[in-house]
Structures are given as structure tokens and as C-alpha cells.
Amino acid sequence: MRAKSEDKLADQEIATLNAMSQTYFLEQGRYPSSVFALASGGYIANTTRDERVRLSKIRRNYNYTRSTGVFAKK
């Protein structure tokens, strides 16, 4: 049950990240270079320690393809 819940949360997070990546593309004319580019552009909060930890987890837990702007599970 817990694994299923974590899987659903990961799917939701990926959907959110992909939406942010598409928004970045529409506003900047290119895909972000990384999740940190989304953060520095103001698309993902990164001011508190917890938010920075979340960014590191995103980077570790998901693959990102810069040419398409798509996040996916590893």
C-alpha cells in the first residue's frame, strides 16, 4: 500500500515538473537546463533548506531530458 502511494506521488510530481518545464519553454523559448534552472527561474521554490533538499531529491530520483524538457522516473 505504501509503495503504491509513493508511486502515485512520484507520478504527480513528474506531471508537475513537466508542466513547469513546458511553461519555462513557452516563456523562455528553450527548455531549462536542469531542475535547478527551474528553481533559479522562480518556477520551483528554493529558499528554505527543505525546498533545497527537495530539489536535490528530484535530481536524484528523476531523469531529465533537456532536449525535450521531460522528467521521468529512473
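What you see is a predicted model, and the numbers here were worked out from it, not measured in a lab. Numbers here are sequence positions counted from 1.
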Between A72 and I14, the two heavy atoms sitting closest are C-CD1, 3.9 Å

Heavy-atom pair of closest approach, residues G69 and N18: O-OD1, 3.7 Å

is_close_aromatic(Y62, F71), centroid dist under 6.0 Å: no

[Y] backbone acceptor or donor facing [X] side chain under 3.5 Å:
X	Y	value
K73	A10	no
R66	S34	no
T48	E51	yes

Side chains of [X] and [Y], heavy atoms from C-beta outward: is any pair under 4.5 Å?
X	Y	answer
I58	E13	yes
Y31	S21	yes
E27	Y43	yes
N46	R54	no
F25	M20	no

Starting at [atom1] of [X], measure out to [atom2] of [Y] and round the result to the nearest 0.5 Å.
X	Y	atom1	atom2	result
D11	E6	CG	CD	12.0 Å
S33	Y24	OG	OH	6.0 Å
L38	L17	CG	CG	7.0 Å
I44	R52	CD1	CZ	14.0 Å

Quick one about T16 and Q12 (side-chain donor to acceptor, distance below 3.5 Å, no hydrogens or angles considered), yes or no? no

Could you walk me through whether Y64 and V70 pass the side chain to side chain contact (heavy atoms under 4.5 Å, CB included) test, one step at a time? CA-CA 6 Å; Y64 175 67; V70 174; over 6 Å; no

Counting only heavy atoms not in R59, do more than 12 fall under 6.0 Å of its CZ? no

